[in-house]
Asks: 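Before we start, here is the structure in question, set down as structure tokens.
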There are 2 protein chains.
Amino acid sequence: MEDQAALARDDHGQIIFDVLAQACPSRETMEHITSRWGILALIALSEGTYRFNALRRRVSGVSEKMLAQTLQALERDGMVHREAQVTIPPKVEYSLTPLGREAARHLYGLIEWLEGEMPSVMDARAAHDRSRAGA
Amino acid sequence: MEDQAALARDDHGQIIFDVLAQACPSRETMEHITSRWGILALIALSEGTYRFNALRRRVSGVSEKMLAQTLQALERDGMVHREAQVTIPPKVEYSLTPLGREAARHLYGLIEWLEGEMPSVMDARAAHDRSRAGA
DNA sequence: GTTAGTACTAACTTTGAGAAAGTGCCAACC
DNA sequence: GGTTGGCACTTTCTCAAAGTTAGTACTAAC
């Protein structure tokens, strides 16, 4: 309640979302989708539906705990859909919602660009380290 | 799809960059630009040149330590340009490189989209919390 | 009957984020 | 003329996350 009072609002009482503002709820969601594992989970799920452990293998390096935590946050934010069959052994399928697909599309653009520019980044790093070592 | 200890390379010996691969150097850079303060620093700097403390005020909530750390990583990756005058008091100006401007452009697209979709996110959260409370 | 797989959670350890204070110097204020 | 504040950081310390390991309750395959 106090948090809401702190949020910036327009003439019609609607919240003005601004990631540069400390109290804005968009910061939290931004962190969910741009966190280390958030990005990778969204990108992997943009390839299609995955079961929990299949997704874990696709996103190489993620621990079970972090993947579960990440997926729960993304599910709550309406980015990821979770469908569980309470059979034995359990079967849980994860997929993107329309919102999640949009997020993944933006992230994919960033990733494609970065992967293409990585040689420039590596060059910049080498140059930086050289000038540091010389000084 | 197995974990790769070494970097993947193509027929010409060039590195194939892939964020989904654990050992890929692109993951590190990705984390620099999509980290909590990395995103916000890039977005703020896309507005123009800032001095250290002015940038710190613009990116509300960031500590001096984290801003310095973030800027150093982005400078090494060739995203941010640092120009220091060794006067007293010191004057250090930060700005984006062409690479950084491209990164900021991608991030800006994501932010604009997210800020616009935040009402949907808030709704999804409320619905999620309701169904949890009921169960 | 041992091993592996399913989708997790709980307990524990390690890492890194964030807060606070230090640095060395100057300008303005009372 | 002593205090406060600003500049651009760095250092130290603390605590909350991240990451690791083990456990669950059961089945299917070897």
Side-chain angles (χ1 to χ4, degrees), chain A residues 19-23 27-41 44-45 49-76 80-95 128 132 135, chain B residues 1-3 19-20 22-23 27-41 44-45 49-76 80-95 128 132 135:
Chain A
V19 275
L20 282 169
Q22 196 169 2
R27 273 207 184 169
E28 202 189 332
T29 303
M30 197 67 182
E31 275 166 44
H32 293 158
I33 70 185
T34 62
S35 68
R36 182 169 189 183
W37 306 120
I39 299 177
L40 300 180
L45 286 174
T49 297
Y50 276 95
R51 290 180 63 176
F52 184 84
N53 279 302
L55 186 58
R56 181 163 130 73
R57 285 185 291 266
R58 183 74 183 103
V59 180
S60 88
V62 71
S63 68
E64 301 187 357
K65 178 190 149 190
M66 287 314 294
L67 184 58
Q69 208 171 95
T70 300
L71 288 171
Q72 279 159 14
L74 291 175
E75 193 198 352
R76 191 167 101 95
V80 161
H81 175 68
R82 178 181 186 274
E83 198 154 359
Q85 289 170 31
V86 276
T87 55
I88 286 171
K91 182 175 184 178
V92 182
E93 292 194 317
Y94 290 94
S95 57
H128 183 84
R132 281 264 159 148
Chain B
M1 222 182 274
E2 66 279 4
D3 287 353
V19 276
L20 283 169
Q22 195 168 3
R27 272 207 185 170
E28 203 188 331
T29 303
M30 197 67 183
E31 275 167 45
H32 293 158
I33 69 185
T34 62
S35 68
R36 181 170 189 183
W37 305 120
I39 299 176
L40 300 180
L45 286 174
T49 297
Y50 276 96
R51 291 181 63 176
F52 184 84
N53 278 301
L55 186 57
R56 183 168 180 254
R57 283 185 293 266
R58 182 73 184 106
V59 180
S60 86
V62 71
S63 68
E64 300 187 357
K65 179 192 148 190
M66 288 313 295
L67 184 57
Q69 209 173 93
T70 300
L71 288 171
Q72 280 158 14
L74 291 175
E75 192 198 352
R76 192 168 101 96
V80 162
H81 175 68
R82 178 179 185 275
E83 198 154 359
Q85 290 171 31
V86 275
T87 55
I88 285 170
K91 182 175 184 177
V92 182
E93 293 194 317
Y94 290 94
S95 56
H128 183 85
R132 281 264 159 148

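Proteins come first, then strands; the chains are lettered A, B, ... in the order of their sequence lines, and each starts at number 1. Worth saying up front: this structure is predicted, and the values here are computed from it rather than measured. Side-chain atoms are counted along with the backbone in the values below, which use heavy atoms only and exclude waters and symmetry mates.
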Asks: Check the distance between D:dA18's P and A:L40's CG and give it to me in whole angstrom.
Replies: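 For the pair A:L40 CG and D:dA18 P, the rounded distance is 14 Å.
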Asks: What's the shortest heavy-atom distance between A:L20 and B:L40, and which atoms?
Replies: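 It is CD2-O, 3.9 Å.
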Asks: Nearest whole Å is fine: how far is D:dT20 P from A:L67 CG?
Replies: 14 Å
Asks: Which heavy-atom pair separates A:M30 from B:I39 by the least distance, and what is that distance?
Replies: CE-CD1, 4.0 Å
Asks: Nearest whole angstrom, please: distance from the P of D:dA8 to the CD of B:Q69.
Replies: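 For the pair B:Q69 CD and D:dA8 P, the rounded distance is 18 Å.
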Asks: Return the value, rounded to whole Å, for the distance between atom CG of B:N53 and atom C1' of D:dA8.
Replies: 6 Å
Asks: Please list, chain by chain and in numerical order, all residues satisfying side-chain hydrogen bond (donor to acceptor under 3.5 Å, both in side chains) with A:R51, sequence neighbours excluded.
Replies: none
Asks: Mind calculating the distance between CG (B:L55) and P (D:dC7) to the nearest angstrom?
Replies: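 Computing the B:L55:CG to D:dC7:P distance gives 13 Å.
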Asks: Are any side-chain N or O atoms of B:S60 and backbone N or O atoms of A:Q22, one a donor and one an acceptor, separated by less than 3.5 Å?
Replies: yes
Asks: Hey, can you pull the residues of residues 28-39 of chain B with a non-hydrogen atom under 4.0 angstrom from DNA chain D?
Replies: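 Result for residues 28-39 of chain B: none.
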Asks: Select base, sugar-phosphate, or nothing to describe what A:R56 touches, counting heavy atoms under 4.0 Å on all strands.
Replies: nothing
Asks: Could you go over nucleotides 10-16 of chain D and give all protein N or O partners under 3.5 Å, atom names and distances?
Replies:
| from | atom 1 | to | atom 2 | distance (Å) |
| --- | --- | --- | --- | --- |
| D:dT10 | OP2 | B:Q72 | NE2 | 3.2 |

Asks: Nearest heavy-atom pair of B:E93 and B:T49: which atoms, and what distance?
Replies: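 Answer, listing the atom of B:E93 first, then B:T49: CB-CG2, 3.8 Å.
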Asks: Show the nearest heavy-atom pair for residues B:K91 and B:T87, with the distance to one decimal.
Replies: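 Answer, listing the atom of B:K91 first, then B:T87: N-OG1, 4.1 Å.
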Asks: By nearest atom, which of the nucleotides D:dA18, D:dA8, C:dT6 is closest to the B:R82 side chain?
Replies: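 Nearest to the side-chain atoms of B:R82, counting from C-beta on, is D:dA8.
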Asks: Identify the two heavy atoms, one from A:V59 and one from A:A44, that lie closest to each other, and give their separation to 0.1 Å.
Replies: CG2-CB, 3.9 Å
Asks: With respect to the side chain of B:P90, which nucleotide from C:dT6, D:dT20, C:dG24 is positioned closest?
Replies: C:dG24
Asks: Nearest whole angstrom, please: distance from the P of D:dA8 to the CD of B:E75.
Replies: 15 Å
Asks: Can you see which heavy atom on B:A84 is nearest to which on B:V92, and at what distance?
Replies: CB-CG2, 4.0 Å
